[in-house]
Chemist: 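Here's a structure for you.
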Amino acid sequence: MTLDTTFDPAAIEARWYKHWEESGGFRPERPDAEAFTIVNPPPNVTGSLHIGHALDNTLQDIVIRYERLRGKDALWVVGTDHAGIATQMVVERQMEERQDKRTNYSREGFVEKVWEWKRESGGTITHQLRRLGCSMDWSREQFTMDEHFTKAVLKTFVDLYNDGLIYRDKRLVNWDPKLKTAISDLEVEQQTIPGHFWHFKYPLADGVTLDDGRDYIEVATTRPETMLADMAVAVHPSDERYASVVGKHVVLPITGRRIPIVADEHADPELGSGAVKITPGHDFNDFEVGKRAGIAAGDMLNVLDGEANVCQTADGLVPDEFIGLHRFKRDGVDGAREAVVARLKADGFLIPHIAKTKKGEEVEHDAEPRQIATPFGDRGGVVIEPWLTDQWYVDAEKLAEKPIKDVRDGTIEIVPKSWEKTFFNWMENIQPWCVSRQLWWGHRIPAWFGPSKEGGNLSWNMSDYSTNKVFVAESEAEVREQARAYYGDKYEIEFNEAPFAALQTVADYVNEGIPPNKVILRQDPDVLDTWFSSALWPFATLGWPDKTDLLGKHFPNNLLISGFDILFFWDARMMMMGQYNMGEAPWPRLYLHGLVRAADGAKMSKSKGNVVDPLGLIDQYGADALRFFMAAMESQGRDIKMDEKRVEGYRNFATKLWNATRFCQSNGIGASTTLKAPIARLAANQWIIGEVQAACVEIDAAMADLRFDAAANAIYQFTWSKFCDWYLELIKPVFAEGADPDAMPAKETREVAGWALDQILVMLHPFMPFITEELWHAQGDRGYDLITAKWPDPRAKVSKDATDAIDWVIDLTTNVRSAKNELGIPPGAKLAAFVPSPSDLASSTIERSSAAIERLARLTPVTVGKAPAGPAMQVTAQGGPASDVFVIPLEGIIDIDAEKTRLEKALAASQKEAKSLEGRLSNANFVERAKPEAVEKAREDFAYHAGEAERLEAALKRLG
RNA sequence: GGGCGUAUAGCUCAGUGGUAGAGCACUGUAUUGACAUUGCAGGGGUCGGAAGUUCAACUCUUCCUACGCCCA
């Protein structure tokens, strides 16, 4: 097959991808091979490929292709995540556009709509991953809502429940009033926004006064609306200003609620007045203070509904005018916050803030401006409300124990290691994980509630479901069994899906005509956090809980690659669930990479409009170039700044390889037939064999350490700077006009060059799969595709003399070129040279490689012996231990002063170096205390530079 | 407030206790057979600052400064 003169990535990418996928190239049958397994961080089913995915998946593909080439049974599990909140939002938004809404449907109806959406437009990203060249096992594509996955989720939930590691609890959650669901701590983002700090007077009750005579306590808050549900005022136990009033009461303005003054260390005497209002139902700190003050969670007052509008508190003291107001100003309409402040001000309870203008005048404001750390929901984008509800919690602290130990003792290696500290810091301070979500799309919680049985009578507690009887099991059949055991045969058991809201009271229950001998069980309407299911990814994707062969062979996985941003969300939770369900760490190694940033270092975001579309880059430069860029920039522990020039550079690299292959083809260099290096006698051929080995060793070492940058640079440098720049130039004389194409040198060189090019294609394949596969086949008929070829075997014997000889020719060539350039001699000029006292290497190389010396160094003839008298330039050649001086007469070619200047410059450099080394060597401390190798090296370097200086001085003398 | 990370050539980044590297950019130069998406040659860095350890520090330690991230 002949190659076009220009390389066009687009033309080959789709073709090869299709071929690989259809021919099973991504997962060849290798039943007896050692397993190598990676699971892909499942992207959201709603997602589309962004630059971060491109990085993450490129790295994984490099590893998986590398291991596949090394003969392993390489499995890359791929799939998508059902992304509860995100997906439900997408479908609801689409409904909105049609003036439709979720609640127009039954739960089942809506979920079916989501499935429809998923079938039609979900998984865009999986097609985009193909464009990148990712070699995942698509035949086993997974989805976290697959039937077998659901089985795994249910089993895990039930097991955890039975082990007491999942429980229902009433406490404050992070409530998203836009999405109307609880979310976990990790889904909350703290942002600092400008806000206000208001100061209020809370009048003391019963005529009590402070020691200074005041009849009120001053409190301050950034959230005045919560005062409607205040239940205490706290002061520090050691704060003498308030010691006399601890245990006394204040009467809250507006509600008139009588609340105690309590002593609690949470109150900071240094902050404001030292007294703080306590709203246990709406603030995490206050919740704790409230509990310490003896208020049960169930008794804490709540003044906001699910949409964060004011509702009546249990004591009924909130005036009607406030009911229904939103928590704060929204869409230009004042809310409860503004109303409370206005009312307090009107009633004289507001203490104004006095600010000074630049001119020193005092001005009164209602509040002090302040920067406020405020929690936002990462999906909904609105301020999170701490809200008192019943939710399911996972005992994360218990589950974290084994993962902590795994990382501590090296069972799991985190790369780069610097992340370990962050990991420990989080895991050791982990909070209970709220896993229930008030959504319809997701894994339904396998818990059913029924009336509790007290002394033979059934009773429902409508205000607090957690006190009702709960049955947790994987199926209704099991629940029925449990229920029968609990209620006895006297009751008929029925499952009913009617929403809880339909049965608010016992009276409703009776009114529905439910006979007294019937028990109705209702499943918890909530679903599980999506991360609860993705935590099972390393084994549920392999068939767990069934004991499949696949699971046996591929769990534990070998490596996980993820962005550090999901270390806690996903990686840590996989560790927990791996240990809990499988009794093992899910993988021995975790590689964390950084973010891809915009060229200016800013975080890419849609709102900033600075996102770079990886597909656009692929269109422009080819997938291979983008991949290579990702790999070359991926040094451990640093974010990657986008640099399109560099992507372009790697496109150029691909073109270079393309053209090198064209050159090979034009000289009859084709596919090699052996994995082992061919037998070679010519120095250049031995040299390139040695260089292939060195490159392979370097790449293997880099890959073992997951140094993607080092591996990419090694193959890049070898291909361009060694193979193209030197080897192909060195062998050109063999194929030159007049040379015998059937003679040994040409035959051997064709074999070696073909072999070396093949090794390049194999070693480059993990990084640039498309162009390498194309060239692999262009080079000749092959028994197999490159994707399933064999990684180079770096063992081959090459003679040191041969490689030294080529190093010597290269050094000579470089030095001659450099000298010519400095002296203004045309680079093409062929010059005669004399070698007065050649080394052994020089003697043999001048004889055997005269063609290369003529062609590259452009020296001819090269005469062994003393140069004739007269001006000359001098260059040296080094290779291994050999060091030779070439004298090149300049008569009539160049002005002598230029050569003098050049030599003087070189002499000064050598003398400076020699002097510095001499100084070091004359330091007794250095000679005695430094490592012997270092001393030896210094001696060698000194000898070299001293000799060089001598040679240069002699050359200068000759010039006169 | 706690923790972590980064600071090396104009730019983006590697790097090692023993005379500083790559890519891009820049300068000079080369053009009829692999390749101008190129070749050849070259300029450019007191390795953020200060102190310490060491025969020797860009590298190790401490402190400082700047920037970034995470947690509270």
Side-chain angles (χ1 to χ4, degrees), chain A residues 3 5-7 185-186 189-190 284-285 373 416 418-426 429 564-565 567-568 594-595 597 599-603 621-622 625 628-629 632-667 669 707 709-710 712-714 716-717 720-721 724-725 728-729 732 735-737 813-824 826-828 856 858 909 912-917 919-931 933-938 941-942 945:
Chain A
L3 294 167
T5 48
T6 52
F7 162 52
D185 297 347
L186 286 175
E189 287 172 0
Q190 296 290 338
F284 287 100
N285 286 316
S418 51
W419 282 103
E420 283 185 2
K421 214 160 183 175
T422 309
F423 173 81
F424 289 133
N425 189 42
W426 187 70
N429 295 291
F564 65 73
D565 51 327
L567 172 60
F568 304 139
L595 258 48
R597 296 177 169 277
D600 61 357
K603 206 164 164 174
Y621 303 105
F628 206 91
F629 166 77
M633 297 303 286
E634 178 56 27
S635 57
Q636 292 171 0
R638 196 192 270 257
D639 285 348
I640 293 178
K641 265 183 220 173
M642 198 54 227
D643 182 356
E644 222 177 295
K645 291 293 288 180
R646 196 140 178 171
V647 181
E648 186 186 342
Y650 293 125
R651 190 270 321 266
N652 296 352
F653 174 59
T655 304
K656 183 79 181 175
L657 177 65
W658 183 269
N659 284 308
T661 308
R662 288 180 57 223
F663 168 78
C664 287
Q665 294 190 345
S666 69
N667 289 292
I669 295 164
R707 286 307 305 247
D709 56 343
N713 288 328
Y716 180 95
Q717 292 299 338
W720 200 316
S721 308
C724 293
D725 288 350
L728 293 184
E729 296 304 325
K732 277 179 180 173
F735 303 113
E737 224 170 301
T813 303
T814 307
N815 291 339
V816 170
R817 284 171 178 169
S818 177
K820 275 182 171 171
N821 199 282
E822 278 182 65
L823 299 183
L856 298 177
R858 306 196 77 78
K912 187 182 165 204
E913 206 52 56
K915 202 176 162 196
S916 140
L917 286 160
R920 199 189 301 173
L921 286 163
S922 61
N923 178 347
N925 270 329
F926 173 68
V927 180
E928 282 163 28
R929 307 176 71 161
K931 283 179 297 188
E933 308 93 90
V935 179
E936 187 49 36
K937 174 88 166 33
D941 289 351
F942 173 72
H945 286 291

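Proteins get letters first, then strands, A, B, ... in listed order; numbering begins at 1 in each.
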Chemist: How is A:Cys664 classified with respect to the nucleic acid when contacts are heavy atoms under 4.0 Å: base, sugar-phosphate, or nothing?
Modeler: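 No contact at all - A:Cys664 keeps every heavy atom at 4.0 Å or more from the nucleic acid.
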Chemist: Work out how far the C1' atom of B:A7 is from that of B:C11, and round it to whole angstrom.
Modeler: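 About 15 Å, rounded to a whole number of Å.
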Chemist: Kindly give the heavy-atom pair with the smallest separation between A:Asp639 and A:Leu595, and that separation in Å.
Modeler: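 Distance-wise, the nearest heavy atoms are OD1-N, 2.9 Å.
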Chemist: Taking all non-hydrogen atoms of both residues into account, name the closest pair between A:Ala632 and A:Asn713 and its distance.
Modeler: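 Minimum heavy-atom separation between A:Ala632 and A:Asn713: CB-OD1, 4.4 Å.
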Chemist: Give A:Lys915 one of three labels, base, sugar-phosphate or nothing, depending on what nucleic acid heavy atoms sit under 4.0 Å from its own.
Modeler: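 Result for A:Lys915 = nothing.
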Chemist: Can you check nucleotides 25-32 of chain B for protein contacts, nitrogen or oxygen pairs under 3.5 Å, and list what you find?
Modeler:
residue: B:G28; atom: N2; partner: A:Asn821; partner atom: ND2; Å: 3.4

Chemist: What pairs of nitrogen or oxygen atoms, one from the protein and one from nucleotides 18-20 of chain B, lie under 3.5 Å apart?
Modeler:
residue: B:G18; atom: O6; partner: A:Lys931; partner atom: N; Å: 3.3
residue: B:U19; atom: O2; partner: A:Glu913; partner atom: OE1; Å: 2.3
residue: B:U19; atom: O2; partner: A:Glu913; partner atom: OE2; Å: 2.3

Chemist: For the residue pair A:Val647 and A:Met642, establish whether any side-chain heavy-atom pair is separated by less than 4.5 Å.
Modeler: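 Contact flag for A:Val647/A:Met642 side chains = yes.
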Chemist: Give me the one residue out of A:Phe629, A:Tyr621, A:Tyr716 that meets ring pair (Phe, Tyr, Trp, His ring centres under 6.0 Å) with A:Tyr650.
Modeler: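 Exactly one candidate clears the test, A:Tyr716.
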Chemist: With rounding to whole Å, what would you report as the distance between B:G23 and B:C70 at their P atoms?
Modeler: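 Taking atom P in both B:G23 and B:C70, they lie 34 Å apart.
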Chemist: Does B:G42 have its OP1 or OP2 closer than 4.0 Å to a side-chain nitrogen or oxygen of A:Ser818?
Modeler: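 A:Ser818 to B:G42 OP1/OP2: side-chain N or O found under 4.0 Å.
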Chemist: Mind checking the P distance from B:U59 to B:G49? Whole angstroms is fine.
Modeler: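 That atom pair is separated by 10 Å.
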Chemist: I'd like to check A:Arg662 versus A:Phe7 (side-chain heavy atoms, cut-off strictly below 4.5 Å). Are they in contact?
Modeler: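 Sidechains of A:Phe7 and A:Arg662: no contact.
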Chemist: Name the nucleic acid region contacted by A:Arg662, choosing base, sugar-phosphate or nothing; use a 4.0 angstrom heavy-atom cut-off, strictly under.
Modeler: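 If one applies the 4.0 Å heavy-atom cut-off, A:Arg662 turns out to touch the sugar-phosphate alone, with no base involved.
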Chemist: In whole angstrom, what separates A:Asn815's CG from B:A41's C1'?
Modeler: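 In whole Å, B:A41 C1' lies 12 Å from A:Asn815 CG.
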Chemist: Looking at every strand, decide which applies to A:Glu644 at a 4.0 Å heavy-atom threshold: base, sugar-phosphate, or nothing.
Modeler: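 Contact class for A:Glu644: none.
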Chemist: What's the gap between B:C40 and B:C24 when it is taken at their P atoms, as a whole Å value?
Modeler: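 It works out to 12 Å between them.
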Chemist: Nearest 0.5 Å, please: how far is CG in A:Asp565 from CG in A:Leu186?
Modeler: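 A:Leu186 CG to A:Asp565 CG: 11.5 Å, rounded to 0.5 Å.
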Chemist: Once you measure the plane-to-plane angle for A:Phe564 and A:Trp419, does it fall in the parallel (<30°), tilted (30-60°) or perpendicular (>60°) bin?
Modeler: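 If you compare the ring of A:Phe564 with that of A:Trp419, the planes turn out parallel.
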Chemist: In whole angstrom, what separates A:Phe663's CZ from B:U38's C1'?
Modeler: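 So the CZ-C1' distance, A:Phe663 to B:U38, works out to 15 Å.
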Chemist: If we ignore hydrogens and angles and just use 3.5 Å, is the side chain of A:Ser916 paired with the main-chain N or O of A:Lys912 as donor and acceptor?
Modeler: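 Not at all, since once roles are kept as given, no pair shorter than 3.5 Å links the two residues.
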Chemist: What integer number of Å spans the C1' atoms of B:U46 and B:C58?
Modeler: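 Comparing C1' positions in B:U46 and B:C58 gives a spacing of 11 Å.
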Chemist: Tell me whether A:Asn429 contacts the main-chain N or O of A:Asn425 through its side chain, where contact means a donor paired with an acceptor under 3.5 Å.
Modeler: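 Side chain of A:Asn429 to backbone of A:Asn425, a donor-acceptor pair under 3.5 Å: yes, one is there.
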Chemist: Base, sugar-phosphate or nothing for A:Thr661? Non-hydrogen atoms, less than 4.0 Å.
Modeler: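 If one applies the 4.0 Å heavy-atom cut-off, A:Thr661 turns out to touch nothing in the nucleic acid.
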Chemist: Can you tell me, in whole Å, how much space there is between the C1' of B:U8 and that of B:G1?
Modeler: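 That atom pair is separated by 33 Å.
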Chemist: Would you call A:Arg707 and A:Asp709 a salt bridge, using N to O less than 4.0 angstrom?
Modeler: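 A salt bridge links A:Arg707 with A:Asp709.
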Chemist: Could you summarise the pairing of RNA chain B as dot-bracket text, marking Watson-Crick and G-U pairs under 3.5 Å with ( ) or [ ] inside the strand and | across strands?
Modeler: (((((((..((((....[..)))).(((((.......))))).....(((((..]....)))))))))))).
Chemist: Closest nucleotide of RNA chain B for A:Asn925 versus for A:Trp720: which of these residues is on the 5' side?
Modeler: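 Closer to the 5' end of RNA chain B: A:Trp720.
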Chemist: Give the rounded distance in Å between these two atoms: OH of A:Tyr716 and C1' of B:G23.
Modeler: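 Taking atom C1' of B:G23 as the reference, OH of A:Tyr716 is at 6 Å.
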Chemist: Using side-chain hydrogen bond (donor to acceptor under 3.5 Å, both in side chains) as the criterion, list what pairs up with A:Arg920, not counting sequence neighbours.
Modeler: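 By the side-chain hydrogen bond (donor to acceptor under 3.5 Å, both in side chains) rule, A:Arg920 matches no residue at all.
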Chemist: Would you indicate what A:Asp725 reaches in the nucleic acid, counting non-hydrogen atoms under 4.0 angstrom: base, sugar-phosphate, or nothing?
Modeler: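 Sugar-phosphate only.
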Chemist: Write down the distance between CG (A:Leu921) and P (B:A56), rounded to a whole number of angstrom.
Modeler: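 In whole Å, B:A56 P lies 15 Å from A:Leu921 CG.
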Chemist: List the atom of A:Leu921, the atom of A:Val935, and the distance in Å for their closest heavy-atom pair.
Modeler: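 Scanning both residues, the minimum pair turns out to be CD2-O, 4.2 Å.
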Chemist: Please classify the nucleic acid contact of A:Ser666 as base, sugar-phosphate, or nothing, using heavy-atom distances under 4.0 Å.
Modeler: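 Answer is nothing: A:Ser666 stays at 4.0 Å or more from every strand.
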Chemist: What is the separation between atom CG on A:Leu567 and atom C1' on B:C69, rounded to the nearest whole Å?
Modeler: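 Going from A:Leu567 (CG) to B:C69 (C1'), I get 13 Å.
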Chemist: 5'-most contact on RNA chain B: A:Asn923 or A:Asn659, nearest heavy atom basis?
Modeler: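 Of the two residues, A:Asn659 wins.
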Chemist: Strictly under 3.5 Å: I want the nitrogen or oxygen pairs between protein and nucleotides 70-72 of chain B, one per line.
Modeler:
none

Chemist: Distance check needed: B:U38 C1' versus A:Phe653 CZ, whole Å only.
Modeler: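 Roughly 15 Å, once rounded to whole Å.
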Chemist: Can you name the closest pair of heavy atoms from A:Glu634 and A:Ile640 and give their distance?
Modeler: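 Here A:Glu634 and A:Ile640 meet closest at OE1-CD1, 3.6 Å.
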Chemist: Roughly how many Å is it from OH in A:Tyr650 to P in B:U38, rounded to a whole number?
Modeler: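 Distance check: A:Tyr650 OH to B:U38 P gives 14 Å.
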Chemist: Please give the distance between the P atoms of B:G17 and B:A57 as a whole number of Å.
Modeler: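 The same atom, P, in both gives a distance of 15 Å.
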Chemist: Need one value for A:Gln717: base, sugar-phosphate or nothing, where a base atom within 4.0 Å counts as base even if backbone is also close, heavy atoms only.
Modeler: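 Since only primed, P, OP1 and OP2 atoms lie under 4.0 Å of A:Gln717, the category is sugar-phosphate.
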Chemist: Can you find a side chain N or O atom of A:Lys421 that sits less than 4.0 Å from OP1 or OP2 on B:G3?
Modeler: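 Answer is no, no contact under 4.0 Å.
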Chemist: Using atom P of each nucleotide, how far apart are B:G15 and B:G52 to the nearest Å?
Modeler: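 Approximately 29 Å lies between the P atom of B:G15 and that of B:G52.
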Chemist: Going by modelled atom types, is there a donor-acceptor pair between the base of B:C35 and the side chain of A:Lys656 at under 3.5 Å?
Modeler: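 Such a pair is found, so the answer is yes.
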Chemist: Atom pairs, N/O to N/O, protein against nucleotides 11-16 of chain B, distance under 3.5 Å?
Modeler:
residue: B:U12; atom: O2; partner: A:Arg646; partner atom: NH1; Å: 3.3
residue: B:C13; atom: O3'; partner: A:Arg638; partner atom: NE; Å: 3.2
residue: B:A14; atom: OP1; partner: A:Ser635; partner atom: OG; Å: 2.1
residue: B:A14; atom: OP1; partner: A:Arg638; partner atom: NE; Å: 2.8
residue: B:A14; atom: OP2; partner: A:Arg638; partner atom: NE; Å: 2.7
residue: B:A14; atom: OP2; partner: A:Arg638; partner atom: NH2; Å: 2.7
residue: B:A14; atom: O5'; partner: A:Ser635; partner atom: OG; Å: 3.3
residue: B:A14; atom: O3'; partner: A:Arg707; partner atom: NH2; Å: 3.3
residue: B:G15; atom: OP1; partner: A:Arg707; partner atom: NH1; Å: 2.7
residue: B:G15; atom: OP1; partner: A:Arg707; partner atom: NH2; Å: 3.0

Chemist: Starting at CD of A:Glu729 and ending at C1' of B:G33, how long is that distance when rounded to a whole Å?
Modeler: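 So the two atoms are 12 Å apart, to the nearest Å.
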